[in-house]
Amino acid sequence: MLTLLILFPLLFLLNRFFWTKPVPSSTIYVNPNNGDDRNSGTQTNPLRTLDLALNQAKSRNDIDYIALPKDAEIFKKSLSCTAFSDINNSWASEFIQALATQGIIKGYPDCTFQPDAKLTRAEYAALLTQAFNLPETKTVRDFVDAPPDYWAYNAIQKNYSNKFLVGLGDSNDFKPNDTLKRVEVIAPLVSGLKLVPAGDNTKLNFYEDSISIPAWATGQVATATSNQLIVNYPYLKVLNPTQDATRAETVAMLYQALVATKRMPAINSVYIVPGY
C-alpha cells in the first residue's frame, strides 16, 4: 500500500513532464502597421491582415498559432464590423455588402474594404473556393510556384479540379502573386460553372475594345456576356480585358456569377453589360 502511495504521485509528475509538454508548432505573425499580405507570415516578415492569416491557418496542417501585436485593438474592432466604412460612395457598394453579409468576402482589420485595391491570382482562387464551396479533391496539378506548403495550395488544387483555372493555371507556373487581370476574373467563372457557350462571338461587338480580348478568352467572354456576368465601370462598352482587376470589379462579377446560377438575387446596376 505504501508503495502505491509513492508510485502514483511519481507517475503523475512523470506524465506532466514528458507527455503534456507542449509540442513545438508553427506560428503565423500578423502586424497591420508594417506587415504585407505578400509576405510569408514569419516574425520578421509578417502579414498585414488577420483574415489572410486565418485562411492560411485553415489550409495548412502545421499552423497552431497566430501572433498579433500587443496593441491588437484594431483586430478586436474588425471582429465586430458589420459594414465597411469606405464603400458608401463606391459604385459597387451593393455587390460588396451583399457578399459580405453572406460571409463570402471580408475586409481589412480597420473595417475597410479598399474597393480600388488589386487582387492576386492566389487570392482569387481562395475567393472562388469560398464563394462556390468547392469540394475537396484528390486531383493534383503540380505548380512549381505553388507547392503543398503554400498558403493557397488547397484552394488552387480545388479550383483546378473543378475547372475554375482556365486562364489561370494553363502552364506549370501558377504565378500566385501576380495581379489578377479582368479577363482572368471572367474566364474561370465561365469554365468552372460550365455555362452554355454563346455559340458565336458576335456579342463581342458590343465592346469598343473587343480587339484587346486575348484570343484564348474570346469564347469565355462571349458566354459571360450572354449570361450577364460582365460588369464594366465606368464605361459600359469598355471591357479593359487585360487591365488589373480591382476588388470591387472582381466582387461585382463574382456576384453576377452567383445570380446566373440562382444563388443570389439580381441587383439593378447600370454597369452590368446586358445579355441581349
Side-chain angles (χ1 to χ4, degrees), residues 83-84 86-107 113-119 123-124 127-128 130-133 164 166-168 179-214 216-276:
F84 303 121
D86 60 344
I87 68 169
N88 290 338
N89 296 322
S90 171
W91 63 271
S93 59
E94 197 169 354
F95 298 104
I96 295 169
Q97 193 59 56
L99 291 193
T101 301
Q102 295 295 317
I104 295 174
I105 60 171
K106 296 181 180 179
F113 183 73
Q114 299 183 21
D116 296 326
K118 307 300 190 295
L119 266 74
E123 289 171 335
Y124 187 49
L127 181 58
L128 289 173
Q130 176 74 10
F132 298 107
N133 194 25
F164 275 94
V166 169
L168 291 181
T179 304
L180 189 71
K181 307 300 181 185
R182 281 176 52 86
V183 71
E184 293 173 339
V185 175
I186 298 165
L189 293 173
V190 172
S191 62
L193 297 177
K194 301 176 177 60
L195 299 179
V196 178
D200 59 57
N201 294 339
T202 56
K203 293 184 182 298
L204 300 183
N205 297 330
F206 176 83
Y207 305 109
E208 296 176 0
D209 57 347
S210 60
I211 193 173
S212 300
I213 302 172
W216 64 265
T218 54
Q220 283 90 348
V221 174
T223 299
T225 302
S226 297
N227 287 273
Q228 293 187 287
L229 265 59
I230 297 180
V231 182
N232 290 338
Y233 171 87
Y235 306 112
L236 190 64
K237 292 191 174 185
V238 178
L239 181 64
N240 287 321
T242 57
Q243 179 175 287
D244 290 347
T246 65
R247 286 165 58 85
E249 291 170 336
T250 303
V251 165
M253 287 192 274
L254 177 59
Y255 186 93
Q256 287 301 105
L258 293 169
V259 171
T261 53
K262 304 187 185 307
R263 290 175 170 90
M264 294 292 284
I267 286 176
N268 185 23
S269 170
V270 296
Y271 302 112
I272 299 172
V273 175
Y276 295 114

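Note: hydrogens, waters and symmetry copies are ignored here, and every other heavy atom, side chains too, is used.
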So [Y] and [X], do their side chains get closer than 4.5 Å, heavy atoms only?
X	Y	value
L229	L195	yes
L258	I104	yes
P274	L236	yes
N268	E94	no
T225	F206	no
V185	L119	no
P115	D86	yes
V259	I267	no

(message) Surrounding CG of D200 (heavy atoms of other residues, nucleotides or ligands, distance under 6.0 Å), is the total greater than 12?
(response)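 Counting neighbours around CG of D200, more than 12 heavy atoms of other residues, nucleotides or ligands fall under 6.0 Å, so yes.
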(request) Check whether more than 12 heavy atoms from other residues, nucleotides or ligands sit under 6.0 Å from atom NZ of K194, and answer yes or no. (result)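 More than 12 heavy atoms, drawn from other residues, nucleotides or ligands, come within 6.0 Å of this atom.
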(request) Could you please spell out the steps behind the side-chain contact (heavy atoms from CB on, under 4.5 Å) verdict for Q220 and V183? (result) CA-CA 9 Å; Q220 283 90 348; V183 71; over 6 Å; no
Minimum heavy-atom distance [X]-[Y], with the two atoms named:
X	Y	value
A100	I105	N-CG1, 3.5 Å
P241	S212	CG-O, 3.4 Å
Q228	V273	CG-O, 3.7 Å
Y124	P188	CE2-CG, 4.2 Å
N201	G219	OD1-CA, 3.9 Å
P197	T223	CA-OG1, 3.4 Å

(request) Decide yes or no on side-chain contact (heavy atoms from CB on, under 4.5 Å) for F113 and Q97, but give the supporting numbers first. (result) CA-CA 10 Å; F113 183 73; Q97 193 59 56; over 6 Å; no
(message) Please check: side-chain N/O of S93 versus main-chain N/O of N89, any donor-acceptor pairing under 3.5 Å?
(response) no
Going from [atom1] on [X] to [atom2] on [Y], what distance comes out if it is rounded to the nearest 0.5 angstrom?
X	Y	atom1	atom2	result
I230	Y207	CD1	OH	3.0 Å
T246	D116	OG1	CG	6.0 Å
T179	Q243	OG1	CD	12.0 Å
T242	E184	OG1	CD	10.0 Å
K106	Q130	NZ	CD	7.0 Å
N232	N240	CG	CG	7.5 Å

(request) Start with the C-alpha distance between I186 and L239, add both sets of side-chain angles, then the distance that settles side-chain contact (heavy atoms from CB on, under 4.5 Å), and finish with yes or no. (result) CA-CA 11 Å; I186 298 165; L239 181 64; 4.2 Å; yes
(message) Listing request: all salt bridge (Lys or Arg N to Asp or Glu O under 4.0 Å) pairs with a residue in residues 239-248, at least two apart in sequence or in separate chains.
(response)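 Every pair satisfying salt bridge (Lys or Arg N to Asp or Glu O under 4.0 Å) with a residue in residues 239-248: K181-D244.
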(request) Mind checking salt bridge (Lys or Arg N to Asp or Glu O under 4.0 Å) for K203 and listing every partner two or more places apart, or none if nothing turns up? (result)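 Residues passing salt bridge (Lys or Arg N to Asp or Glu O under 4.0 Å) with K203: none at all.
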(request) Step by step, work out the side-chain contact (heavy atoms from CB on, under 4.5 Å) result for V190 and V221. (result) CA-CA 8 Å; V190 172; V221 174; over 6 Å; no
(message) Please verify the inter-ring angle class for Y233 with Y271; under 30° counts as parallel, over 60° as perpendicular, anything in between as tilted.
(response) perpendicular
(request) Evaluate the ring planes of F95 and Y255, with Trp represented by its six-membered ring, and classify them as parallel (under 30°), tilted (30 to 60°) or perpendicular (over 60°). (result)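 The rings of F95 and Y255 stand perpendicular, inter-plane angle above 60°.
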